[in-house]
Amino acid sequence: MKLTQYFFPTLRDDPQEAQIVSHKLMLRGGFITQSSSGIYSWLPMGLKVLNKISDIIREEQNKVGHIEVLMPTIQSSDLWRESGRYEDYGKEMLRFTDRHDREMLYGPTNEELITDIFRTFIKSYKHIPLTLYQIQWKFRDEIRPRFGVMRGREFLMKDGYSFDLDMEGAKKSYKAHYEAYLRTFKRMGLTAIPVKADSGAIGGDMSHEFQILAQTGESTLYYDSEIENLNGQDLDIDKLQSLYAAAEEKHDPSICPVPADKLKVAKGIEVGHIFYFGTKYSDPFGATVMGSDGEPVTVHMGSYGIGVSRLVAAIIEASHDDNGIIWPEAVAPFKVGLVNLKPSDETTSALCEKFYVSALAKGIEILYDDRDERAGVKFADMDLIGLPFQVIIGPKGAATGRVEIKIRKTGERQDLSFEDALKLF
RNA sequence: CGGGGUGUAGCGCAGCCUGGUAGCGCGCCUGCUUUGGGAGCAGGAUGCCGGAGGUUCAAAUCCUCUCUCCCCGACCA
């Protein structure tokens, strides 16, 4: 993509409404723009990141056999009355009526709908276990939206729902999600800490939140400092699972097995939440399947969420410096940013064009800054939007066919021949 | 929902107290000079001063109502 032909509305100043770094950088980098409180438009670069995150989630879900569906955002109140949540869910649920005065709502979650689909079509134990998931916009009318897409009212969420014959099966589904989630976050360059969480009415150990450590996080975590040593290495799920980690509401100092000097307290951003809730919905909905003995069995369910749009902000919180965002390669809107330091210089522009075309031919996602701007502007914008690699070509290098590579994360620079530079990607 | 703030050009802000018909920086447009870390000079465009009502000869400015957005507390991916 050439910048002169792209939609790239960066800002030099921090908009005053932004408080935390991810929000500031997302606005300044032209990733999002606010439409109303807690509701955002995703601009081209932001959308690219959002889609990359969605794709990773999708791949990891599909890999473990979960099936994607897409349910409506607008739901009728009927099913919610059936589960009793129409009354229980407070003002967070956006309700309205259609032209026939029927009560409708914009879904904050989809347990009712998915259970309804399940009971309609699945009648035999032979067709489960089954996990259906979707990546879909949700709306929760938060009392106080804040921090940009971190706590928006409209947000993109991956929500999955498992159906099993019994609790043992449900535990397996739960474990599959637990592991898939860890792999998913790891692929995004994040170290997610699974912490025991409040599972609501059901209780037990079957609820975990996945937290990203960040000073601006809204959750407080207590965990064994040993967990920090697991960073970066190959995922050792058994080890991770054996270590203590709990959300504030589940942490009881009197029974905590971790000695005080090894116990860490930190802030985290909740990017995922999984829980098992048994027959909470299948019971009132009559979601049963015929067992092998010919007796109907009420299915055991779990639900599993990932905050997709929140992840965009969470990744930035976890990966940035004073100059801007540092995208992990897997979610970067482009892999390479090509900076033409002097578009008016023919040799320079010719070399840039050649690099651009060669990169495209290799299937490299490249953003070419061909604007007639000063070098400083381009460097600043490139650092701001945080592409992993910068290829810088100016008149001096171009004269001898040399290009400069800058690694955004480390700031490290290398002077390379055109061919060697291209080979890097 | 309670408490506090805010709204003036695309962004950041001044002007409001003490009414006289809107300004600064950045950005944007034109030209020239510049050109390896957010350029210089010269010219130019852009505003229902959040909205409605009122006071007044005259309102961005004073009064009333209303809306928006942000911050501090209880819910959540």
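Each chain gets a letter, A, B and so on, in the order the sequences are listed, and its residues count up from 1.
- Heavy atoms of R153(A) sit nowhere under 4.0 angstrom from any nucleic acid atom.
- The same atom, P, is picked in U34(B) and in C41(B); the two are 15 Å apart, to the nearest Å.
- Spacing between G50(B) and C57(B) at atom C1', rounded to whole Å, works out to 27 Å.
- Note: CD1 (I392(A)) to C1' (U35(B)) measures 15 Å, nearest angstrom.
- Rounded to a whole Å, the CG atom of D345(A) is 13 Å from the P atom of G36(B).
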Identify each atom pair where a protein N or O and an N or O of nucleotides 11-13 of chain B are less than 3.5 Å apart, giving names and distance.
from, atom 1, to, atom 2, distance (Å)
G12(B), OP1, Q16(A), N, 3.0

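- Distances shown here put a side-chain N or O of Q34(A) below 4.0 Å from the OP1 or OP2 atom of C70(B).
- Between Y276(A) and H300(A), the two ring planes are parallel [angle under 30°; tilted spans 30° to 60°].
- Annotation: side chain of Y6(A) is in contact with side chain of M45(A) (closest heavy-atom distance under 4.5 Å).
- Look at CG on L27(A): it is 11 Å from P on C70(B), rounded to the nearest Å.
- Comparing P145(A) and E92(A), the nucleotide of RNA chain B nearest to each residue sits closer to the 5' end for P145(A).
- Each of S35(A) and V271(A) lies near RNA chain B, and the nucleotide nearest S35(A) is the one positioned closer to the 5' end.
- Using the six-membered ring where Trp is involved, F163(A) and F118(A) have ring planes that are parallel, under 30° apart on the 30 and 60° scheme.
- R95(A) forms a cation-pi arrangement with Y86(A), by the criterion of a distance under 6.0 Å to the ring centre and an angle within 45° of the ring axis.
- Residue D383(A) is in base contact, counting any heavy-atom pair closer than 4.0 Å across all strands shown.
- The nearest whole Å value for the distance from the CZ atom in R146(A) to the C1' atom in C71(B) is 10 Å.
- Contact annotation for V377(A): base contact, defined as any heavy-atom pair under 4.0 Å involving a base atom.
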Please write out the pairs of protein N or O atoms and N or O atoms of nucleotides 28-34 of chain B separated by less than 3.5 Å, giving the distance to one decimal.
from, atom 1, to, atom 2, distance (Å)
U34(B), O2, R374(A), NH2, 3.1

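- Judged by a 6.0 Å distance limit and a 45° cone about the ring axis, K406(A) is not positioned over the six-membered ring of F389(A).
- Classified by interplanar angle (parallel below 30°, tilted 30° to 60°, perpendicular above 60°), the ring pair F185(A)/Y181(A) is perpendicular.
- Nucleotide C62(B) forms a Watson-Crick or G-U wobble pair with G54(B), both donor-acceptor distances falling under 3.5 Å.
- For the pair S358(A)/K354(A), a side-chain contact is recorded, criterion being any heavy-atom separation below 4.5 Å from C-beta on.
- The residue G152(A) sits close to a base: some heavy atom pair falls under 4.0 Å.
- With a 4.5 Å cut-off on side-chain heavy atoms, E365(A) and L387(A) do not count as touching.
- Nucleic acid contact for A380(A): base, since at least one base atom lies under 4.0 Å from a heavy atom of the residue.
- For the pair I143(A) CD1 and C69(B) P, the computed distance is 16 Å after rounding to whole Å.
- Taking 4.0 Å as the cut-off between side-chain N and carboxylate O, K171(A) and D164(A) do not count as a salt-bridged pair.
- Closest approach to the F379(A) side chain among G36(B), A77(B), C71(B) is made by G36(B) (side chain taken as heavy atoms from C-beta onward).
- Taking atom C1' on both nucleotides, G20(B) is separated from G12(B) by 29 Å, rounded to a whole Å.
- Ion pair K52(A)/E59(A) not flagged as a salt bridge, since none of the NZ, NE, NH1 or NH2 atoms sits closer than 4.0 Å to an Asp/Glu carboxylate oxygen.
- Closest approach to the L341(A) side chain among C69(B), G38(B), G36(B) is made by G36(B) (side chain taken as heavy atoms from C-beta onward).
- Checked against salt bridge (charged side-chain N to carboxylate O under 4.0 Å, His left out), K91(A) has no partners two or more places apart in sequence or in another chain.
- Atom name P, nucleotides C48(B) and C1(B): the rounded distance is 30 Å, in whole Å.
- Each of E249(A), Q211(A), K267(A), H251(A) was checked for a side chain to side chain donor-acceptor pair (under 3.5 Å) with T220(A), and the lone residue meeting it is K267(A).
- Taking side-chain N and O atoms only, R144(A) has a distance below 4.0 Å to OP1 or OP2 of C71(B).
- Judged by distance alone, with hydrogens and angles left aside, R28(A) brings a side-chain donor or acceptor within reach of the base of G38(B), the pair sitting under 3.5 Å.
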Just list the side-chain donor-acceptor pairs under 3.5 Å for residues 27-39 of chain A, sequence neighbours left out, or say none.
from, atom 1, to, atom 2, distance (Å)
R28(A), NE, L11(A), O, 3.2
Q34(A), OE1, Y40(A), OH, 3.2

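- Checking C76(B) for Watson-Crick or G-U wobble geometry (two distances, each under 3.5 Å) identifies no partner in any strand.
- Here G36(B) is the nucleotide among C75(B), U35(B), G36(B) with the atom lying nearest to any side-chain atom of A375(A).
- Residues I56(A) and V331(A) form a side-chain contact, since some pair of their non-hydrogen atoms from C-beta on lies under 4.5 Å apart.
- Other residues, nucleotides and ligands contribute over 12 non-hydrogen atoms within 6.0 Å of the NZ atom of K63(A).
- Here the P atom of nucleotide C69(B) and the OH atom of Y40(A) are 10 Å apart, to the nearest Å.
- Contact annotation for E270(A): backbone-only contact, meaning every heavy-atom pair under 4.0 Å involves sugar-phosphate atoms and none involves a base.
- Using the Watson-Crick or G-U wobble rule with both distances under 3.5 Å, G47(B) pairs with nothing in any strand shown.
- Nucleotide G31(B) is matched to C41(B) when pairs are restricted to Watson-Crick or G-U wobble geometry with both distances under 3.5 angstrom.
- The shortest distance between side-chain heavy atoms of Y304(A) and F275(A) does not fall below 4.5 Å.
- One atom, CD of Q211(A), and another, P of C76(B), lie 14 Å apart when rounded to the nearest Å.
- A donor-acceptor contact under 3.5 angstrom links the side-chain atoms of R151(A) to the base of C76(B).
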| note | Per-nt protein contacts along nucleotides 46-51 of chain B (heavy atom under 4.0 Å; B base, S backbone sugar-phosphate only, - none) come out as ------
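- As rounded to whole Å, 13 Å separates atom C1' of G36(B) from atom CD1 of I393(A).
- Under the Watson-Crick or G-U wobble criterion, with both distances below 3.5 Å, C24(B) is paired with G12(B).
- Relative ring orientation between H177(A) and H66(A) is described as parallel, the plane-to-plane angle staying below 30° on a 0-90° scale split at 30° and 60°.
- An OP1 or OP2 oxygen of C70(B) is reached within less than 4.0 angstrom by a side-chain nitrogen or oxygen of S37(A).
- Within residues 303-312 of chain A, the residues approaching RNA chain B are G307(A), R310(A), by heavy-atom distance under 4.0 Å.
- Across all strands, Q19(A) comes closer than 4.0 Å only to sugar-phosphate atoms, never to a base (heavy-atom distances).
- Using a 4.0 Å heavy-atom distance criterion, G272(A) is classed as a sugar-phosphate-only contact.
- T109(A) comes within 4.0 angstrom of nothing in the nucleic acid, heavy atoms only.
- In this structure C69(B) sits in a base pair with G5(B), meeting the Watson-Crick or G-U test at under 3.5 Å.
- As rounded to the nearest Å, A14(B) and G2(B) have P atoms that lie 29 Å from one another.
- For the pair K48(A) and F334(A), the distance from NZ or CZ to the six-membered ring centre is under 6.0 Å and the angle to the ring normal is within 45 degrees.
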